[in-house]
There are 2 protein chains.
Amino acid sequence: MTGSPSPPHPRLRRTAGDRRAQLVQIGLELLPTTPVQELTIDEVARRAGISRSLLFHYFANKREYYTAVTRAAADLLWEHLMPAPGTPPEEQVTGMLDRYVGWVETFRESHLAFVRGAAGGDPWVSEVYEETRGRLVEVALAALGLPDDARHRQLVLAWFAFTEDLVGSWADEPTMTRPELLALLRDVLDRLVAR
Amino acid sequence: MTGSPSPPHPRLRRTAGDRRAQLVQIGLELLPTTPVQELTIDEVARRAGISRSLLFHYFANKREYYTAVTRAAADLLWEHLMPAPGTPPEEQVTGMLDRYVGWVETFRESHLAFVRGAAGGDPWVSEVYEETRGRLVEVALAALGLPDDARHRQLVLAWFAFTEDLVGSWADEPTMTRPELLALLRDVLDRLVAR
DNA sequence: CGGCTTGCTGAGCAACGCTCAACAAGCTAC
DNA sequence: GTAGCTTGTTGAGCGTTGCTCAGCAAGCCG
């Protein structure tokens, strides 16, 4: 008590890019335990060891912040799913599907949290994932050699919803083998678009 | 300014049941324009013509309130979908599917808002709809003459996700006729469980 | 009219999103 | 080395919103 106030932190100063990345990273780490929109600025700032005010220096408001966090999560998924350049089209969908199941197996909780946050209430958050889903549909339709029209988009998007739900519950309680799951999903897709 | 304060409301006093029902009703009316969790107590109280405090007399906290609103919405859907007693099993699923599409056609925006709120972040809200979905699966499996085991539940629940997504986007942009949509959904379900 | 139940309110606290004026770390110029 | 600029950073503080609590008053009974 009688000692000098002693600055607990040597007042580290980061570059703008570093700090921004750090804040988004903290958001990503908090995602599994907290719905995005319920992240509190206080908590994030505390973890980063900065004042609340600084967060508003990098993000105009709370929404812009958690939208950035959501976008970061979507980008991670996107990069993991994208086929390596040069992959033959007929293998692309199979590969993406396989990697998607792997992703859910590895990051089950955080992925579930991400999807829930993206599906739920806030339009600004939903839009981020919608956009990623849209790009995934484009890739899938191209790989399948199908036209990118409204009808095929609807069908493949609905199949995404089917896949997300089934893979999620399967990861929680495996009622079939992994290859069976993959075959089932692929089969449903093929029959759907073969009309 | 110089007039008497004049009590704007004659201080109407309602029974507990009436007031509760009124508050839930207001929540239902606000659902299409506002994600459930973002309903503000202020707004609801203002619309009901009561003080904020009174709302906390009926609902312990905000969550309990919007959970009640969500449950009311889920009950409305449930009552609309349930087959009339005495309906032969083979017609039950077809009828429920038909009524579901009708429901989405009629209440597109509010139903979308409801599903989004139920899917999104808050576990307490999700649980309400999860429970209704669970009961719907039971009815469907019974009508189809299938065992109510984990695997069938997973498949039918995933098919629900497929159906919700497809019917939602179809209502926005009809890419096929209504009978075609119903036939497609029914066909996907039949093939899924016929394994 | 006195007394009881209970629907109802207003003042007020704490948490949180957000603003703003000012401080200070680290670089460049002289 | 120091003057001066840029910009990362902070603290005080405001408005809104969820929530509490002591107490008022509407309607009923004796």
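Within every chain, numbering begins at 1; the chains are lettered A, B, ... in the order of the sequence lines, protein sequences first and strands thereafter.
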From CD1 of B:I41 over to P of C:dT9, roughly how many Å is that when rounded to an integer? 14 Å
Do A:R19 and A:Q22 have side-chain atoms, one donor and one acceptor, less than 3.5 Å apart? yes
State which of C:dT9, D:dG18, D:dT9 makes the closest approach to the side chain of B:I50. C:dT9
Can a side chain N or O of B:R52 be found less than 4.0 Å away from OP1 or OP2 on D:dT20? no
Donor-acceptor pair under 3.5 Å, B:S53 side chain vs C:dG10 base: yes
When you measure from the side chain of A:N61, which nucleotide among C:dC16, C:dC18, D:dG18 comes out closest? C:dC18
Below 4.0 Å: OP1/OP2 of C:dC8 and any side-chain N or O of B:R19: yes
Between A:E29 and A:R47, does any NZ, NE, NH1 or NH2 come within less than 4.0 Å of an OD or OE carboxylate oxygen? no
Flag yes if more than 12 heavy atoms outside B:E180 fall under 6.0 Å of its CD atom; otherwise flag no. yes
Can you tell me the distance, in whole Å, between the NZ atom of B:K62 and the C1' atom of C:dC16? 12 Å
Spacing between B:L55 atom CG and D:dT20 atom C1', to the nearest angstrom: 14 Å
Given C:dG7, is OP1 or OP2 found less than 4.0 Å from the side-chain N or O atoms of B:H57? yes
How long is the line joining CG of B:L54 and P of D:dA26, in whole Å? 15 Å
Can you tell which of D:dC19, C:dG17, C:dT9 lies closest to the side chain of B:S51? C:dT9
Between A:R133 and A:E164, does any side-chain N to carboxylate O distance fall below 4.0 Å? yes
Using atom CD of B:E38 as one end and atom P of D:dT16 as the other, report the distance to the nearest whole Å. 18 Å
From CZ of A:R46 across to C1' of D:dT10 the rounded distance in Å is 18 Å
Heavy-atom pair of closest approach, residues B:R63 and B:D122: CG-OD2, 4.0 Å
In whole Å, what is the span from the OH atom of A:Y66 to the C1' atom of C:dG17? 11 Å
Any B:Y58 side-chain nitrogen or oxygen under 4.0 Å from OP1 or OP2 of C:dC8: yes
Closest approach to the side chain of A:R13, judged atom by atom: which nucleotide of D:dT10, D:dC19, D:dT9 is it? D:dT9
Round to a whole Å and report the spacing from CZ of B:R20 to P of C:dC8. 14 Å
